[in-house]
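Everything numeric in this text was worked out from a predicted model, so none of it was measured. No hydrogens, no waters, no symmetry mates; every other heavy atom, side chains included, goes into these values.
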Amino acid sequence: VENENAFVRSAAIRAAGESESELALPILAKGIEDSYPTARLFAFKGYRKVAPKKALKLAYKLRDDSDVWVKAEALEILGELGGKDTIPIIESHLSAPDPTVQFSAAASLVKLNVGGHLKTLINASKSGDVALRYQAIGYLGKVGNKPAIETLVKLLNDPQGEIIFYSLKAIGDKVSPKMLEKLVRLTLHKNPFVQREALTLLGRLTTHPGMSLFSQFCDNPDPLVRLAAAAALDADKQSACENVFRDSLQDPYYGVRSATARILGKTNLTNRGRLL
């Protein structure tokens, strides 16, 4: 966290917050004052997990941060952890110049049961610039109510693989057995990002097509597809692909090694500590 490289500092702050340990608080305190916005954002997210009351207190201040993502996070926290008194504050950001802030404000108001704002996110998720669509999709996932999830499921038929990927990611732990057929179909999508996310969601279901579906992806040419299959099998306490974790830690691409380390911490593997 003292490193001169802002990327390294941000990674350390993110890891500290994700530990969900109160021992992380001194690191988060440094991070929230960092000049690099991503470091501040990860510190803010960390407080949300480790010290929610502190996160709410910071949200009142950081809603005017110079960085749009930090500002958007502040509005989310005000909507999630704040009371009705936060509504006027959030409403004042509906006309913000940056769509990210607008979407965050709309999602927060939906969570506070202020009507009429879900439509903003639904409309933005269906058309226009891909970057704005995926942001709206992400906020629909955070809202997570029935109309939001129904919209995301419909987007799984979108012609753009990128939109399907973001929709799957937004559905996240709100996946249901009703989506099973679509997810199985998407494991064969030409886009490896879609494949891996479909496998991840299937792994979260208590009922899925079984071990054979996942094991066929253990030799997939995409290393992150292999990793998603191994994680799905592990969630079902199956060990058919467990060597994927070991091999992925030796992958030449740091993104694969990083993803493997993050997933390993949540696996059932008895040797995960040694591998880490």
Checklist entry - Taking it one step at a time, do Leu180 and Leu202 satisfy side chain to side chain contact (heavy atoms under 4.5 Å, CB included)? => result CA-CA 7 Å; Leu180 187 62; Leu202 280 170; 3.5 Å; yes

Next on the checklist: Could you tell me if the side chain of Glu76 sits less than 4.5 Å from the side chain of Arg48, heavy atoms only?
Outcome noted: yes

Checklist entry - If two hydrophobic side chains count as joined below 4.5 Å and joins carry through other members, does Tyr36 share a cluster with Leu62? => result no

Item to check | Residue pair Lys142, Glu80: steps toward the salt bridge (charged side-chain N to carboxylate O under 4.0 Å, His left out) verdict | outcome: CA-CA 10 Å; Lys142 289 174 181 180; Glu80 184 179 306; over 6 Å; no

Next on the checklist: Are the side chains of Asn145 and Leu118 in contact, using a 4.5 Å heavy-atom criterion?
Outcome noted: yes

Checklist entry - Is the side chain of His93 donor-acceptor paired with the backbone N or O of Ile89 at a distance under 3.5 Å, no angle test? => result yes

Item to check | Check: Pro252 main-chain N/O paired with Arg257 side-chain donor or acceptor under 3.5 Å | outcome: yes

Checklist entry - Going from OG on Ser167 to CG on Leu152, what distance comes out if it is rounded to the nearest 0.5 angstrom? => result 5.5 Å

Next on the checklist: Evaluate Thr260 against Asp251 for side chain to side chain contact (heavy atoms under 4.5 Å, CB included), listing each step before the verdict.
Outcome noted: CA-CA 10 Å; Thr260 306; Asp251 195 275; over 6 Å; no

Next on the checklist: Under a 4.0 Å threshold between the charged nitrogen and the carboxylate oxygen, would Glu2 count as salt-bridged to Arg9?
Outcome noted: no

Next on the checklist: salt bridge (charged side-chain N to carboxylate O under 4.0 Å, His left out), that's the test. Do Lys71 and Asp64 meet it? Break it down for me.
Outcome noted: CA-CA 6 Å; Lys71 195 180 292 188; Asp64 294 319; 5.7 Å; no

Checklist entry - So do Leu78 and Ser108 actually touch side chain to side chain, heavy atoms under 4.5 Å? => result no

Next on the checklist: Does atom NZ (Lys84) have a neighbourhood of more than 12 heavy atoms from anything else shown, all under 6.0 Å?
Outcome noted: yes

Next on the checklist: Within this structure, what is the CD1-OG distance for the pair Ile171 and Ser176, rounded to the nearest 0.5 Å?
Outcome noted: 8.5 Å

Next on the checklist: Quick check against the 3.5 Å criterion: does Asn268 have a side-chain atom that pairs as donor or acceptor with the backbone of Asp234?
Outcome noted: yes

Next on the checklist: Between Val114 and Glu91, does the side chain to side chain contact (heavy atoms under 4.5 Å, CB included) criterion hold? Intermediate values first, please.
Outcome noted: CA-CA 10 Å; Val114 179; Glu91 285 179 332; 4.2 Å; yes

Checklist entry - Do side-chain atoms of Arg226 reach the backbone of Asn220 as a donor and acceptor pair under 3.5 angstrom? => result yes

Item to check | From CD1 (Ile163) to OG (Ser125), nearest 0.5 Å | outcome: 8.5 Å

Next on the checklist: Under a plain distance cut-off of 3.5 Å, with no hydrogens placed, do Gln135 and Thr100 share a side-chain donor-acceptor pair?
Outcome noted: yes

Checklist outcome for this item: d(Leu183 CG, Lys178 NZ) to nearest 0.5 Å is 14.0 Å

Next on the checklist: Check Lys154 with Glu150, please: is the shortest side-chain N to carboxylate O separation under 4.0 Å?
Outcome noted: no

Next on the checklist: If you compare all heavy atoms of Ala228 against all heavy atoms of Leu199, which two are closest, and at what distance to 0.1 Å?
Outcome noted: CB-CB, 4.1 Å

Checklist entry - Do the side chain of Arg63 and the main chain of Tyr60 share a donor and acceptor less than 3.5 angstrom apart? => result yes

Item to check | Sole residue of Leu168, Ile164, Leu201, Val153 in side-chain contact (heavy atoms from CB on, under 4.5 Å) with Lys182 | outcome: Val153

Checklist outcome for this item: Value for CD1 (Ile27) from OG (Ser19), rounded to nearest 0.5 Å, stands at 8.0 Å

Item to check | Note, Pro52 side chain near Leu56 side chain (heavy atom, < 4.5 Å) | outcome: no

Next on the checklist: Atom NZ of residue position Lys169 - does it have more than 12 heavy atoms of other residues, nucleotides or ligands inside 6.0 Å?
Outcome noted: no

Next on the checklist: Taking Lys45 first and then Glu18, would you say they form a salt bridge - that is, a charged N and a carboxylate O separated by under 4.0 Å?
Outcome noted: no

Next on the checklist: Is there a side chain to side chain contact (heavy atoms under 4.5 Å, CB included) between Phe245 and Leu227? Walk through the geometry before answering.
Outcome noted: CA-CA 7 Å; Phe245 295 108; Leu227 189 58; 3.8 Å; yes

Next on the checklist: Please check this pair: side chain of Arg40 against backbone of Ile32, looking for a donor-acceptor N/O pair closer than 3.5 Å.
Outcome noted: no

Item to check | Heavy-atom donor-acceptor pair, Asn271 side chain to Arg274 backbone, under 3.5 Å | outcome: no

Checklist entry - Going by heavy atoms in the side chains, are Tyr134 and Glu162 under 4.5 Å from each other? => result no

Item to check | Shortest non-hydrogen contact between Gly82 and Leu112, atoms and distance | outcome: O-CD2, 4.1 Å

Next on the checklist: Would a single hydrophobic cluster contain both Leu249 and Tyr254, if residues Ile, Leu, Val, Met, Phe, Trp and Tyr are joined by side-chain heavy-atom contacts under 4.5 Å?
Outcome noted: yes

Next on the checklist: Membership question, hydrophobic clusters at under 4.5 Å side-chain separation (ILVMFWY): are Phe103 and Val130 in the same one?
Outcome noted: yes

Checklist entry - Which atoms form the tightest heavy-atom contact between Thr151 and Pro147, and what is the distance? => result OG1-O, 2.9 Å

Checklist entry - So, Arg272 side chain and Thr267 main chain: donor-acceptor pair closer than 3.5 Å or not? => result yes

Checklist entry - Taking the six-membered ring of Phe193, is NZ or CZ of Arg196 closer than 6.0 Å to its centre and within 45° of its axis? => result yes

Checklist entry - So if you build clusters from Ile, Leu, Val, Met, Phe, Trp, Tyr with side-chain heavy-atom gaps below 4.5 Å, do Ile122 and Leu109 land together? => result no

Checklist entry - If you round to the nearest 0.5 Å, how far is OG1 of Thr120 from NE2 of His117? => result 7.0 Å

Item to check | Side chains of Phe44 and Ile77 in contact at under 4.5 Å (non-hydrogen atoms) | outcome: yes

Checklist entry - Nearest heavy-atom pair of Val256 and Ser248: which atoms, and what distance? => result CG1-O, 3.9 Å

Item to check | Polar side-chain atom of Asn3 near backbone of Val8 as donor-acceptor pair, under 3.5 Å | outcome: no

Checklist entry - Are the side chains of Leu186 and Glu181 in touch, meaning some heavy atoms are under 4.5 Å apart? => result no

Next on the checklist: With a 4.5 Å cut-off on side-chain heavy-atom distances among I, L, V, M, F, W and Y, is there a chain of contacts connecting Leu140 to Val101?
Outcome noted: no

Item to check | Test: Asp158 and Arg133 ion pair at under 4.0 Å | outcome: yes

Checklist entry - Any donor and acceptor pair, going by atom type alone, linking the side chain of Gln102 with main-chain N or O of Ser95 inside 3.5 Å? => result no

Next on the checklist: I'd like to know if Arg204 and Asp173 make a salt bridge, using a cut-off of under 4.0 Å between side-chain N and carboxylate O.
Outcome noted: no

Next on the checklist: I want to check something: taking the side chain as every heavy atom from C-beta on, are Glu73 and Leu41 in contact at a cut-off of under 4.5 Å?
Outcome noted: yes

